[in-house]
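Data first, discussion second: the structure below is written as structure tokens.
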Number of protein chains: 2
Amino acid sequence: MERSTRQRDAIKAVIDSAQRPLSPQEILEGAQTQVAGLGMATVYRNLKSLLESNRLTVVTLPGENPRYESTGHSHHHHFHCTGCDKVFDVHHCPGDLLDIAPSGFTVERHELTLYGKCDVCSATPNP
Amino acid sequence: MERSTRQRDAIKAVIDSAQRPLSPQEILEGAQTQVAGLGMATVYRNLKSLLESNRLTVVTLPGENPRYESTGHSHHHHFHCTGCDKVFDVHHCPGDLLDIAPSGFTVERHELTLYGKCDVCSATPNP
DNA sequence: ATAGATGCAAAGAGTTTGCATAGGT
DNA sequence: ACCTATGCAAACTCTTTGCATCTAT
């Protein structure tokens with residue numbers, strides 16, 4: 001069975017407490033404040049097992065390396081602000097996308113990313 | 001100015017004639033049928049310049065390496081088959097996603113990816 | 001003739017894996 | 001005691017870059 005180690009607990013804690021998806025590097029640095037000698041391989045191994053058990057979700061933005069966030073939250077999407085480059089959760093969903101796939105195709109799930117200006121950047125014409 | 005070479009022409013031709021986004025490897029293999037000695041570095045260099053001049057679009061799917069497709073296809077989305085791992089264009093669109101973003105947010109564009117089984121994989125219970 | 005383009009190989013960046021050891025159960 | 005998890009380093013994959021050569025203009 002899966003053991004509870006200081007490393008694993010630290011990694012989970014960093015991801016769970018984050019307000020946004022984190023890169024492996026950010027996760028490493030965050031967890032290293034609790035477990036000094038933590039290595040990147042351990043981060044990746046834990047990310048992998050967390051992903052396989054669906055406790056983690058990958059967030060892939062164009063041109064950027066993958067980021068990871070806790071699955072605990074309900075189904076949601078992302079809003080990528082083209083002004084400040086932050087990524088926000090969007091908890092609404094267009095739903096019912098089964099009918100837009102070509103006939104014969106079976107839709108299992110979907111990912112939606114919105115691009116635009118967040119509330120702050122919308123209110124600030126020129127940063 | 002930009003020169004017209006056999007390599008560049010072959011690379012463009014492969015991408016333009018594809019009905020789906022292609023990986024650098026697929027582009028290399030396709031273009032090599034026309035230009036035997038073509039190297040991967042040349043593919044990447046051309047992808048880069050095509051991207052910079054907006055003649056190409058990156059398609060970045062979670063957990064996948066980037067794929068490339070020619071710009072100028074009308075607005076569409078992607079369907080990622082979890083069976084054969086190919087990516088298909090989806091020309092329908094749920095449209096009108098402005099209202100699902102938080103208030104104060106301005107939506108400029110959106111990306112939608114469907115996951116499931118393509119027609120071939122849907123018809124083949126066990127590969 | 002000249003400057004951009006190519007091919008090769010080496011270099012980078014990110015991620016994975018083999019192996020000996022530490023540590024949870 | 002057993003056996004998973006870790007740390008380190010090497011291996012791997014994907015992408016970029018340096019350099020000599022080629023070639024379109």
side-chain N/O B/N46 vs C/dT6 OP1/OP2, d < 4.0 Å: yes
Separation of D/dA10 atom C1' from A/M40 atom CE, nearest Å, is 16 Å
Rounded to whole Å, the CG-P distance (B/L47 to D/dT16) equals 9 Å
Side chains of A/T106 and B/S122: do they bring a donor and an acceptor to under 3.5 Å? yes
Taken to the nearest whole Å, CG/A/L28 to P/C/dA13 is 17 Å
Q: Confirm from the modelled atom types if A/R3 and C/dT25 form a donor-acceptor pair under 3.5 Å, side chain to base only.
A: no
Assign each of B/R8 and B/A41 the nucleotide of DNA chain C bearing its closest heavy atom; nearer the 5' end lies the nucleotide of B/R8
Under 3.5 Å, side chain of B/H110 to main-chain N/O of A/L114, donor-acceptor pair present? no
Rounded to whole Å, the CD-P distance (B/E64 to D/dT13) equals 16 Å
- Could you tell me whether the side chains of B/N54 and B/T71 share a donor-acceptor contact shorter than 3.5 Å? no
Distance test, side-chain N/O of B/Q7 to OP1/OP2 of C/dG7, below 4.0 Å
yes
Is a donor from one side chain sitting under 3.5 angstrom from an acceptor on the other, for B/S23 and B/N65? no
Original post:
In terms of side-chain heavy atoms, does B/D9 have a donor or acceptor partner in B/S4 at a distance below 3.5 Å?
Top reply: yes
Are any of A/K48's side-chain N or O atoms less than 4.0 Å away from OP1 or OP2 of C/dT17?
yes
Practice task
Select base, sugar-phosphate, or nothing to describe what B/E2 touches, counting heavy atoms under 4.0 Å on all strands.
Solution key: sugar-phosphate
From CG of A/N65 across to P of C/dG12 the rounded distance in Å is 18 Å
Taken to the nearest whole Å, CD/A/Q32 to C1'/D/dC8 is 14 Å
- Query: Checking only heavy atoms, does the side chain of A/R45 share a donor-acceptor pair with the base of D/dG7 at less than 3.5 Å?
  - Reply: yes
A/L38 atom CG is separated from C/dG23 atom C1', nearest whole Å, by 15 Å
Taking only the side-chain nitrogens and oxygens of B/T5, find out if one of them lies under 4.0 Å from OP1 or OP2 of D/dA24.
no
note: A/Y44, atom OH; C/dG18, atom P; distance rounded to Å ~ 18 Å
